[in-house]
Structure formats: C-alpha cells, structure tokens
Amino acid sequence: MTDKKTTVDAGWNFDNSYAELSDIFYTLQNPTPVREPKLVVFNALLAESLGLNAEALQGSEGAAVFAGNEIPGGALPLAQAYAGHQFGYFTMLGDGRAILLGEQITPQGERVDIQLKGSGRTPYSRGGDGRAVLGPMLREYIISEAMHALGIPTTRSLAVVTTGQPIMRESEQTGAILTRISASHIRVGTFQYAAGRGELDELRALADYTLERHYPEAVENAANGENRYLILLQEVIGRQSKLIAKWQLAGFIHGVMNTDNMTLSGETIDYGPCAFMDAYDPATVFSSIDREGRYAYGNQPYIGAWNLARLAESLLPLLHEDKEQAVKLAEEAIGGFTEQFHEHWLAGMKAKLGLFNVEGEAEPEPEDEELVKELLKLMHKHRADYTNTFKALTFGNWQNTALFEDAEFDPWLQRWQSRLDRQEESKEASQQLMRDSNPAVIPRNHRVEEALEAAEKDGDYSVLERLLSVLANPYEHTAEQEEYCMLPEPSLLPYRTYCGT
Ligand code: AMP
Ligand code: MG
C-alpha cells in the first residue's frame, strides 16, 4: 500500500488504498453539505490517538469537516458497494448514507477508516434520504465507546454533529452525522457482492486487499503451499469467534447481525437496535423488527456461524479449483467456529467466576462448564440481572435477591468455593480476576435513553457526557458508578429498540 502524506494543521494524514481497488467496489461521492453544522460530541482522546489535533477540531473547523461541508486535504470521499443477507434474505446494498473520507494513518502507523454516517444520498441510497437522526447517532456513540472500554473490538466514534436540517421520519427529527472510525469497512457482504458478479479477478483482488490490510502476519507465517484464501477464512473465523464470545460474556445483543453488518476485521459494527441484556434470558430480543427472535442473545453464535458460511461460499472459487474440494475445505473451516467460540466463551466464563485458565492445559476441569451452566440456569429461572449477578459474586455480596435465596444456590456456592480452594492462585488473585472480568457498569438501557432524551429535547449534553465518563472505566468498581448499576423502574420494561434511522 502506498503511503502518500498530506498533513494539514488538524493532523489529517490520509491515504486511500481502498480506492485503488477496481471501481466496481465504490463510487466517488462527496458528502452533501448541510445548513448549520454544530459539533455536539467530540472524542478528544480518540482524536489525539489518531494523530489529530483535538484543539483545532473542537470548534467550527471540526464541525465543518465532520458535517462533510469541508473535505480535508488528502481525503478521497467515496461510497462503498456491498450486498448482504438481511434477516436471511439476500439484497444489494452499499453505503446509502455513509461516505468514507479516507484512511487516516496514525502516528503508530495504523490505518483506520474515517467515515461519515448520515452525510447525504449516494448511488446506493435506493429510496432513502441519506440522512441520520440525532438520537440513533448518539446511541451509536455511547454504546460503541462503552464496548471499547469493556475491551470488545469495535468501530469507534469520533464526533457527532447536528446539521441544522430537520429529518422526516414518523415525526420531524433533528438531523445528525456520526464520524465513525474503523479498522476497515470490509464486510461479509462486500465479499458476497464481489462473488455475485462472477469475476474471479475482482474477488481475488478484494481477498488479497483484505489479507494485506488485516492479516499480514498470517500470510507471512503461512507454510509453503498453504492457500492464502483459506487462511483468510480461518483468520476471520478466529476473530469472529472471539468477538461473539465477548458479546455473550458481556450480555451484548447486537440486534441486527445481517451479513453486511459483520466485518472481516473482527470489529463490532453497526449499532442500530443493539442493547445490553438485563434479566438473564437467552431468548432476549430488544429490536422491534426482530419479531421471530432471529438475533436473540442465545442465537448470536449460531448466526455468527451462518454468516461466516456465507463468507465461505463467496470464497469457494478461490479455495480450490475443484468445487468439491473447495466445499470440503470451507466446511472444515466453518466447523472450527463452534469449537473456537466455545473455548473463548468457557475461558471467559471461568474468569468471570475467578477460575484461572492454565496455559497449555488440555482440558479445563470438566466440572467447570457444569458449574457455569448451573449458575446460568438459576439466573434464568429468577431472571436475575446478568451484570449485577456477576458483580455480586465478585464482592460476595449476597443481597436479598430471589436467586441467592433459592435453595439450590447454596449447594452451588459450596461447589464454587471448593473449586476456588482447589486452584493454586490466592483468593486475592482470584478476586482481582473477577474484578477485571465483571464490569461494574454497562450502558443500561434506561440510562442511555435518559441521556438521549436530555440531548434531543433540551440540547443538554451533560447527562450524556457524565454517562460516557462513567462507562469509560467499567472495571474500576468505584462508588461513583453505583447509581449506574441500578435497575430501571418496572414501568420502563420491557425495553424496545428501533432500527437506527
Ligand atoms: P443498516 O440497517 O444500517 O445496516 O442499513 C442497511 C442499508 O440501508 C445500508 O445499505 C444503508 O446504507 C441503507 N440505509 C439505511 N438508512 C438509510 C437512509 N436514511 N438513506 C439511505 N440509505 C439508508
Ligand atoms: Mg449496516
């Protein structure tokens, strides 16, 4: 990849490697300027880590750039083409309301996409207006930043601007644009798009580009004669199995795991109707459009495997010239997902219970998984709060909850305690592991709603800023966080989310 440098005061250092792919993968497209850009949230720490000058971008210059009214030097705005399975049905998609400004090369030499979401119509907009509404953009900002702080790979949020232009939805809404930062925006759907065109050279170019951008070491370390496209598939399966295990461990429900919303980099992307589970129930669904529970909490690993099978299908012509052989290789790779997911999940669950995973250990104590499952069963029975239950176990805080009063809880506790006693590590080390594995705070739905409401109705961003600062250190377990651990009033349940539009 070339390393063209264009540095201006704000610290922009763009390269545009994606635009070097065939132009079937994108359309050059500028954002549509907006009337009255106003910067309402800005991530100064993230800006600095990207090599940007936070001070220079904090004011009107930032507002102009993040609104798409001004194109920074070196940027090459474009909309990406892609397809995808939405709720199981294949559709042609593409960036209908997002524009990639370019790739910022950070001081550490990393390459990240800078994308404006809500920046106007593109050739892929179909019937849409190309715009986004303030509430959902703030929601993506809060949740993606919370995910990052929780240690879950994710796209990040640099800024939100309001546009000064009302947006027509069911009612009139405030228009806004989110600046999203990501390792790339290459999706399973990008590969489906390439494969669907039936031109092997295009598919190969996309796969080579993705390997170079996200998996250079894997290619370098490959044994002689190993198929690099099989490596690509295996690497993505590896990252996605780890990612989805982290979602499960944190109680995160993505809500719209369409194949266009699954990245090749292994980052979480597209915060539409996502939400964190409160009462533990694998059938939990928040999204109003997911009527059949396709993307329910407990289904996420299966959907992950399903989506990766769509990636594997797209890669078939590159895996082997003999179709049967190709299918066999793809199936083997996909089969590895379940196993890897389970390993990451169990290791994570053990850590949540203060049980150390011994490096090189062939098998965890077989009863460990039973211990985890029995706890989850009890939590399900009492619809115990997922986050607070693990927090209570961390601090030995047996509140008067139905779960802890269940006759079956005491024997479970005894078994857990004797398992803890059997391991070499000290009680302190074990508690530290639990503190580091069980967040005190997650973006609780009623807290997120409260922050959005103050911003949308009164232009008051202080509630949101405070929420962001609490969510920035989820494993600190401070007194200040306590009020953010509290559950919503029953009148606010059941919680529903709507697709971010
Ligand atoms: P999403 O549900 O956010 O993953 O979006 C699915 C597809 O719809 C993507 O191709 C988006 O670019 C497109 N889309 C969503 N909202 C709009 C909009 N307001 N205008 C144009 N395209 C949109
Ligand atoms: Mg999407």
Side-chain angles (χ1 to χ4, degrees), residues 25-27 29-32 34 68 77-101 113 115-141 143-144 154-155 157 162-163 165-194 196 253-265 267-275 286-291 294-295 303-304 307 310-311 497-501:
F25 286 110
Y26 63 89
T27 306
Q29 170 74 54
N30 275 346
T32 309
V34 302
L78 58 84
Q80 294 181 328
Y82 54 87
H85 276 90
Q86 299 194 301
F87 289 90
Y89 296 98
F90 186 76
T91 325
M92 276 302 175
L93 297 161
D95 287 334
R97 56 161 170 176
I99 284 174
L100 175 69
L101 288 181
D113 277 9
Q115 193 203 56
L116 303 182
K117 182 170 172 183
S119 49
R121 284 180 53 81
T122 77
Y124 313 107
S125 295
R126 297 172 290 166
D129 60 4
R131 291 298 181 191
V133 170
L134 179 60
M137 295 307 102
L138 293 176
R139 200 160 188 284
E140 168 153 351
Y141 190 113
I143 301 190
S144 64
T154 177
T155 64
S157 299
T162 50
T163 61
Q165 291 168 204
I167 304 280
M168 262 330 276
R169 294 291 184 261
E170 281 108 66
S171 60
E172 202 175 271
Q173 305 274 335
T174 307
I177 299 169
L178 172 86
T179 303
R180 178 156 74 182
I181 309 298
S182 71
S184 84
H185 284 84
I186 303 167
R187 307 146 189 269
V188 170
T190 317
F191 278 82
Q192 292 180 285
Y193 167 80
I253 303 174
H254 183 284
V256 59
M257 286 178 74
N258 295 334
T259 55
D260 56 300
N261 293 337
M262 186 183 245
T263 59
L264 274 278
S265 67
E267 284 182 345
T268 311
I269 196 172
D270 214 317
Y271 292 89
C274 64
F286 290 114
S287 171
S288 59
I289 58 168
D290 190 3
R291 289 197 190 89
R294 179 180 170 90
Y295 299 140
I303 294 292
N307 288 350
R310 304 290 78 73
L311 175 65
T497 56
Y498 300 89
C499 240
T501 53

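Both ligands and their constituent atoms are indexed starting at 1 by order of listing. We number each residue from 1, following the sequence as shown. Note that the coordinates shown come from a computational prediction; the quantities given were computed from them, not determined experimentally.
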Within the structure, is a non-hydrogen atom of [X] found at a distance of less than 4.0 Å from ligand 1?
| X | answer |
| --- | --- |
| Arg169 | yes |
| Gly272 | no |
| Arg121 | no |

Run down the list [options] and name the one with the heavy atom closest to [atom].
| atom | options | answer |
| --- | --- | --- |
| atom 19 (N) of ligand 1 | Thr122, Asp129, Asp95 | Asp129 |
| atom 7 (C) of ligand 1 | Arg131, Arg126, Arg97 | Arg126 |
| atom 9 (C) of ligand 1 | Ala81, Ala83, Gly118, Gly94 | Gly94 |

Just verifying a value: how many Å separate [X] [atom1] and [Y] [atom2], rounded to the nearest 0.5 Å?
| X | Y | atom1 | atom2 | result |
| --- | --- | --- | --- | --- |
| Phe25 | Ile186 | CZ | CD1 | 9.5 Å |
| Gln173 | Gln165 | CD | CD | 15.0 Å |
| Gln86 | Ile289 | CD | CD1 | 8.5 Å |
| Asp113 | Leu100 | CG | CG | 4.5 Å |
| Leu101 | Leu116 | CG | CG | 4.0 Å |

Should [X] be counted as touching ligand 1, given the test is an N or O pair under 3.5 Å?
| X | answer |
| --- | --- |
| Tyr124 | no |
| Asp270 | yes |
| Gln86 | no |
| Leu93 | no |

* Asked: Partners of Glu140 by salt bridge (Lys or Arg N to Asp or Glu O under 4.0 Å), sequence neighbours excluded?
  ->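 Counting only residues at least two positions away or on another chain, Glu140 forms a salt bridge (Lys or Arg N to Asp or Glu O under 4.0 Å) with Lys117, Arg180.
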Output the list of atoms in ligand 1 that are nearer than 4.0 Å to some heavy atom of [X], sorted by atom number.
| X | answer |
| --- | --- |
| Asp260 | 4 (O) |
| Gly128 | 20 (N), 21 (C) |
| Asn261 | 4 (O) |
| Tyr82 | 9 (C), 10 (O) |
| Gly130 | 18 (C), 19 (N), 20 (N), 21 (C) |

* Residues Arg121, Asp95: salt bridge by 4.0 Å N-O rule ->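 Judged by the 4.0 Å cut-off on N to carboxylate O distance, Arg121 and Asp95 do not form a salt bridge.
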* Under 3.5 Å: donor-acceptor pair, side chain of Asn261, backbone of Val256 ->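 Side chain of Asn261 to backbone of Val256: a pair is present.
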* Asked: Do the ring centers of Tyr82 and Tyr124 come within less than 6.0 Å of each other?
  ->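 Not close enough - the centres of the two rings lie 6.0 Å or further apart.
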* After noting the C-alpha distance and the side-chain angles of Arg310 and Asp260, does the key distance pass the salt bridge (Lys or Arg N to Asp or Glu O under 4.0 Å) rule? -> CA-CA 11 Å; Arg310 304 290 78 73; Asp260 56 300; over 6 Å; no
* To do: Considering non-hydrogen atoms only, spot the tightest contact between Arg187 and Thr259 and give its length.
  =>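 Closest heavy-atom pair between Arg187 and Thr259: CB-O, 4.2 Å.
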* For the student: nearest non-hydrogen atoms of Met262 and Ile269, plus distance ->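 Closest approach of Met262 to Ile269, heavy atoms only: N-CG2, 4.3 Å.
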* Test ring-ring contact (aromatic ring centres under 6.0 Å, His included) on Tyr141 and Tyr271 and set out the steps. => CA-CA 9 Å; Tyr141 190 113; Tyr271 292 89; over 10 Å; no
* Protein N/O/S atoms under 2.8 Å from the Mg ion (ligand 2): how many? ->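 With waters ignored, the protein N/O/S count below 2.8 Å is 2.
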